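Because the structure is a prediction, the values reported are computed rather than measured. Proteins come first, then strands; the chains are lettered A, B, ... in the order of their sequence lines, and each starts at number 1.
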2 protein chains.
Amino acid sequence: MGNDLKNETSKDTSKDGGSTSAVETAYHRIRHMILTGEMRSGDKLLENQLATAIGVSRTPVREALNRLNAEGLVVLERYRRGIVADFSLNDAMEIFRLRAILEGHAASRAATRISDTDLLRLQEMERVMEAQFEELGWNEHLEGFDKLNSEFHAVIAAAAESPRLEKILASSLELPASIFNRYSEPVEVRTRRTHAQHREILAALKAHNPEWAQAAMNAHLFSLLPTASGSLEHEEKS
Amino acid sequence: MGNDLKNETSKDTSKDGGSTSAVETAYHRIRHMILTGEMRSGDKLLENQLATAIGVSRTPVREALNRLNAEGLVVLERYRRGIVADFSLNDAMEIFRLRAILEGHAASRAATRISDTDLLRLQEMERVMEAQFEELGWNEHLEGFDKLNSEFHAVIAAAAESPRLEKILASSLELPASIFNRYSEPVEVRTRRTHAQHREILAALKAHNPEWAQAAMNAHLFSLLPTASGSLEHEEKS
DNA sequence: CGATCAAAAAGTGTATACCAATTCAACGAA
DNA sequence: TTCGTTGAATTGGTATACACTTTTTGATCG
């Protein structure tokens with residue numbers, strides 16, 4: 001299309017390409033800050049401050065905050081400034097309980113639907129996760145692990161071919177990594193077990209056995225669920 | 001600037017009272033139109049037109065549309081006008097499958113947590129539903145039934161004491177009544193069965209028996225799930 | 001010194017105007 | 001018919017203004 005510009009106002013000439021919308025930018029930036037722990041529970045989220053920091057106006061920031069509020073990562077109350085949500089031990093337990101139910105169901109459906117190429121992708125992801133762990137050790141592998149792990153679960157959720165299920169898992173049951181690490185067992189305890197469980201889930205999917213896949217996924221997630229015994233120490237830090 | 005217009009343009013917007021925000025007003029109005037079938041799948045949702053119709057500005061209408069989009073009732077694509085979402089048979093089946101899983105879990109939890117006053121509320125609701133049916137007959141009772149039925153399920157979801165579960169059920173798994181009626185068995189077939197199932201759920205909750213409550217709720221929802229006979233309609237998305 | 005309360009400051013909710021990017025619809029040509 | 005083309009319509013986003021509410025500040029009082 002030979003589109004000749006009639007009025008190149010030479011204003012901002014934004015280099016960001018414009019392909020991603022301003023809300024998307026704001027949403028991902030803020031979400032990332034929360035999930036990685038760059039922002040902590042209770043931190044203030046001021047619309048103007050975020051807008052200038054991200055480089056957009058208040059409007060898309062407000063939309064992003066609303067989405068994050070709906071997802072439970074941000075608490076918004078009328079006329080009050082937003083704050084990063086606080087996750088108690090009970091919240092973490094609830095999230096893992098629901099994830100166990102829903103991802104178990106997803107694994108069950110995925111077992112009879114997943115493609116061979118997706119199976120290979122999962123296998124490769126797990127291989128890389130384990131290789132990084134061997135190479136980097138107990139703690140250094142975490143940042144890469146989190147990303148691959150999310151992707152591993154996301155591939156299974158997508159293979160379930162249930163768009164609402166996929167959306168719920170992706171948007172309503174996230175927990176900031178910092179919170180997860182606070183309530184979970186130490187890395188040393190859970191890493192090897194997680195890899196074994198991933199391998200078992202993969203085996204069940206390869207066998208196209210829905211019950212096995214569901215059970216393996218359930219076991220995996222329930223094993224991550226923080227124990228109720230820790231209810232004594234949930235008001236540790238302020 | 002004639003900033004003289006207070007608020008409450010011609011219509012008093014019913015009994016809401018003035019304390020609700022403009023987004024809430026817009027959200028509930030549009031949502032109601034979709035769920036009751038006043039707007040049908042594919043209908044256009046123009047921001048300006050909705051804004052003037054509801055009596056607010058574009059800004060809150062946009063927020064409302066975004067929320068409805070996230071809930072799956074509205075389809076928004078960039079620069080395109082919003083349309084009321086279309087629900088295929090597969091969509092209806094998916095929704096009831098997920099509701100069965102999640103409301104079954106909710107019923108299980110509710111069985112050991114529900115208060116006596118909530119049990120009485122449920123009993124009363126069911127009594128009214130059945131009385132209205134006896135009085136009004138097969139079709140005339142529907143509009144009142146839908147409301148009470150939603151409330152019945154909502155009370156159980158709330159009694160589960162799992163806020164995220166409650167929110168997911170309330171916001172991500174709704175189906176417009178018109179769609180439900182299109183895909184479901186005719187009223188005559190399902191009404192008596194529904195009342196019997198409600199009574200059974202109530203009995204299980206009264207007995208504080210989680211497994212029974214879960215099974216009864218599952219049976220209830222699966223019995224409403226449209227039959228898979230017409231399995232492959234293509235639902236094209238591009 | 002600390003509690004209380006009212007005014008000032010800060011922040012959100014909404015309206016409005018405006019423009020760019022894109023879609024939508026009507027028209028005309030091959 | 002079926003294509004492009006083109007102008008109108010619509011959304012995405014910025015900016016500004018202001019009402020309403022919360023939050024902070026600061027003065028006053030016990």
Side-chain angles (χ1 to χ4, degrees), chain A residues 1-30 42-70 74-84, chain B residues 1-11 13 16-30 42-70 74-85 237-238:
Chain A
M1 286 92 110
N3 180 5
D4 83 314
L5 314 172
K6 57 173 59 172
N7 202 3
E8 174 73 9
T9 51
S10 76
K11 190 53 188 300
D12 55 326
T13 345
S14 58
K15 67 147 298 293
D16 65 286
S19 61
T20 46
S21 65
V23 260
E24 290 289 292
T25 311
Y27 170 74
H28 287 296
R29 285 277 291 272
I30 301 170
D43 282 0
K44 294 187 267 274
L45 294 157
L46 306 187
E47 296 179 356
N48 270 317
Q49 167 191 311
L50 289 168
T52 61
I54 297 174
V56 297
S57 74
R58 262 183 77 199
T59 313
V61 168
R62 286 181 54 94
E63 281 195 20
L65 288 178
N66 276 316
R67 283 170 64 173
L68 293 164
N69 174 241
V74 163
V75 177
L76 293 184
E77 279 170 292
R78 203 179 185 199
Y79 295 122
R80 305 187 114 104
R81 40 200 199 215
I83 60 175
V84 178
Chain B
M1 340 320 195
N3 52 3
D4 176 63
L5 80 160
K6 277 292 201 177
N7 53 1
E8 301 302 337
T9 63
S10 48
K11 299 174 75 169
T13 55
D16 265 336
S19 67
T20 46
S21 66
V23 261
E24 290 290 293
T25 310
Y27 170 75
H28 287 297
R29 286 277 291 272
I30 301 170
D43 282 359
K44 296 187 259 277
L45 295 157
L46 305 188
E47 297 178 356
N48 270 317
Q49 165 191 313
L50 288 168
T52 60
I54 297 174
V56 298
S57 75
R58 262 182 77 198
T59 316
V61 169
R62 294 187 46 132
E63 281 196 15
L65 288 178
N66 275 315
R67 281 172 66 174
L68 293 165
N69 173 238
V74 163
V75 177
L76 293 183
E77 280 171 288
R78 207 174 185 208
Y79 294 122
R80 304 187 119 105
R81 38 198 196 218
I83 60 175
V84 178
K237 257 191 200 292
S238 60

(message) Looking at every non-hydrogen atom in both residues, tell me the closest pair between A:R58 and A:A51 and how far apart they are.
(response)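 Residues A:R58 and A:A51, closest heavy atoms: N-CB, 3.9 Å.
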(message) So which atom in B:P60 and which in B:A26 form the shortest heavy-atom distance, rounded to 0.1 Å?
(response)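 Distance-wise, the nearest heavy atoms are O-CB, 4.3 Å.
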Check the distance between [N]'s [atom2] and [X]'s [atom1] and give it to me in whole angstrom.
{"X": "B:E63", "N": "C:dT12", "atom1": "CD", "atom2": "P", "value": "13 Å"}
{"X": "B:L76", "N": "D:dG12", "atom1": "CG", "atom2": "P", "value": "7 Å"}
{"X": "B:K44", "N": "D:dT10", "atom1": "NZ", "atom2": "P", "value": "10 Å"}
{"X": "B:Y79", "N": "C:dA21", "atom1": "OH", "atom2": "P", "value": "8 Å"}
{"X": "A:E47", "N": "D:dT22", "atom1": "CD", "atom2": "P", "value": "16 Å"}
{"X": "A:R58", "N": "D:dG12", "atom1": "CZ", "atom2": "P", "value": "19 Å"}
{"X": "A:L65", "N": "C:dT12", "atom1": "CG", "atom2": "P", "value": "8 Å"}
{"X": "B:Q49", "N": "D:dT11", "atom1": "CD", "atom2": "C1'", "value": "14 Å"}

(request) For the pair A:N69 (side chain) and A:L65 (backbone), establish whether a donor and an acceptor sit closer than 3.5 Å, ignoring hydrogens and angles. (result)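 It does not hold such a pair.
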(message) Under the side chain to side chain contact (heavy atoms under 4.5 Å, CB included) test against A:V74, which residue among A:L45, A:I83, A:V84, A:N66 passes?
(response)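 Only one option passes, and that is A:L45.
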On the nucleotide [N], are OP1 or OP2 found under 4.0 Å from the side-chain N or O atoms that [X] carries?
{"X": "A:R62", "N": "C:dG13", "answer": "yes"}
{"X": "B:R78", "N": "D:dG13", "answer": "yes"}
{"X": "B:R81", "N": "D:dA9", "answer": "no"}
{"X": "A:T59", "N": "D:dG12", "answer": "no"}
{"X": "B:R80", "N": "C:dC24", "answer": "yes"}

(request) Would you indicate which nucleotide in C:dA21, C:dT12, D:dG13 comes nearest to any side-chain atom of A:S57? (result)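 Within the option list, the nearest is D:dG13.
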(message) Classify B:L45 by what it touches in the nucleic acid, base, sugar-phosphate, or nothing, heavy-atom distance under 4.0 Å.
(response)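 Sugar-phosphate, no base atom in range.
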(request) Between A:V56 and B:L46, just flag the one whose closest nucleotide in DNA chain D comes earlier from the 5' side. (result)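 Counting from the 5' end, the first nearest nucleotide belongs to B:L46.
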(message) Counting C-beta onward and ignoring hydrogens, is there a side-chain heavy-atom pair between A:T59 and B:T59 closer than 4.5 Å?
(response)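 No, side chains not in contact.
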